[in-house]
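In this chain, residues are counted from 1 in sequence order. Atoms within a ligand are numbered from 1 in the order they appear, just like the ligands themselves.
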Amino acid sequence: MKIEGKKYRTIWFDEENQVIKIIDQTKLPHQFIIKDLKTIKDAINAIKTMEVRGAPLIGATAAYGIVLAIMENNDLEFVKKSGENLIKSRPTGINLKWAVNRMIKKLSGVNNNEILKVALDEAKEICEEDVKFCENIGLNGLKIIEEIYNKKKDTVNILTHCNAGWLATIDWGTATSPIYHAHKKGIKVHVWVDETRPRNQGANLTSYELNEEEIPNKIIADNKGGILMQRGEVDMCIVGTDRTIATGDVANKIGTYLKALAAHDNNVPFYVALPSSTIDWETTDLKNIPIEERNSEELSYVEGLDENENVKKVLIYPKKSKAMNLAFDVTPAKYVTGLITEKGVCEASSNGLRKLFK
Ligand code: MRU
């Protein structure tokens, strides 16, 4: 997608300098900085500090992290150890483990002379596949938006949470892809963007990328979705997911569950968009999904522009107050109207998922 009219992906391999390039998302929306990842440590750090974030992009970064590990030392034991360290860098998004396992499987039995090329090709393939899958999610979700538009014959108001946009993937996004496709087709859409405290990925990233694509949107406080739904000002919700388990229960950014409850109470359709790389087929109990707890400073400090347009971080809580920062929650499948995947839209249930994928 575009930033200031120029097309970008979120991650790519720079052939000339033999480094991985990323957009440093901790600097958005006020600064646009492209950063080099040169070592496996750089890749792990980028994931931990959320320079890259969003489950599919984390997966792609891990795949390229394996490439960087091989560049440092092409011994398979070192590469496997690097894979384990990558998996530990963030716990909830399943794409990370999926990508590392896929890379290691591809590399086993490959000789030392070829291992780098095989790894690089596979990492690129993971990215290409993600772009294709996200595009198909868009085309499948477009049909739902189109149906609402044909009935309503007016702007479709879509609420989204956090950033499941192209910045969370390689291109297109998951939740935003149907929106981009609808906009391209001339369907009038307007997006309610949940600010998404504490890191504000909705405000900092989703609104930013929608602005760059000229899609009308408004940032709302996380607690506002309920009243908008009661007032009939939300036609549908589309969110992303970091891990959808075999039962169709959905882990996503903290606050998603409350939106799903409000949607359920107000008969607003609540869709979750995901590529199959986000499905955790092994987990069948939502209590077994690891929920990341992050540093409470994400809550107590906010960053923004000061009066001189310099980025500044300030404390907003009483100095003596403690805070607690869970990064994800789980929405039970019963509150999900449907899962929008690259293969089609299915019921959020083990049956629904199995019919589409097995
Ligand atoms: O903590 P983050 O920013 O990595 O969280 C990821 C998200 O933005 C969302 O939870 C998203 O909806 C799923 S990733 C497409």
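Residues E292 and R53 are not paired through a salt bridge, judged by the lack of any N-O separation under 4.0 Å between the basic side chain and the carboxylate.
For the ligand labelled ligand 1, residue V239 lies outside the 4.0 Å heavy-atom shell. The shortest heavy-atom distance from A327 to ligand 1 is not under 4.0 Å.
Counting heavy atoms of neighbouring residues, nucleotides and ligands inside a 6.0 Å radius, atom NZ of K41 does not exceed 12 of them.
At under 3.5 Å, not a single nitrogen or oxygen of M50, backbone or side chain, sits near a nitrogen or oxygen of ligand 1. Residue N163 places at least one N or O, backbone or side chain, under 3.5 Å from an N or O of ligand 1.
A donor-acceptor contact under 3.5 angstrom links the side chains of N325 and E298, judged on distance only. For the residue pair T196 and D194, no side-chain donor N or O sits within less than 3.5 Å of a side-chain acceptor on the partner. Between T241 and N252, the side chains place no donor N or O within less than 3.5 Å of an acceptor N or O (distance only, hydrogens not considered). Using modelled atom types, one finds no donor on one side chain facing an acceptor on the other under 3.5 Å when comparing D36 with N17.
Both the sub-6.0 Å distance and the 45° axial angle are satisfied by K358 relative to the ring of W281. Geometric assessment of K253 against the ring of F328 yields a positive cation-pi assignment under the 6.0 Å and 45° thresholds.
Within the 4.0 Å heavy-atom criterion, neither part of T278 lies near ligand 1.
Remark: minimum distance from atom 6 (C) of ligand 1 to any protein heavy atom is reached at D242 OD2, 3.1 Å. Counting only heavy atoms of the protein, atom 14 (S) of ligand 1 lies nearest to A55 N, 3.3 Å. Of the protein's heavy atoms, N252 OD1, 2.6 Å lies nearest to atom 12 (O) of ligand 1.
For ligand 1 and T174, the ligand atoms under 4.0 Å from any heavy atom of the residue are 15 (C). Heavy-atom contacts of Q201 reach the following atoms of ligand 1: 1 (O), 2 (P), 3 (O) (cutoff under 4.0 Å).
Ranked by closest heavy atom to atom 5 (O) of ligand 1, the top entry among R90, R294, K253, E298 is K253. Across C134, G240, C162, heavy-atom proximity to atom 7 (C) of ligand 1 is greatest for C162. Nearest-residue assignment for atom 8 (O) of ligand 1 (options R243, Q25, R53, R199; heavy-atom criterion): R53.
Taking the six-membered ring wherever Trp is involved, the centroid distance between the rings of Y208 and F32 does not fall below 6.0 Å.
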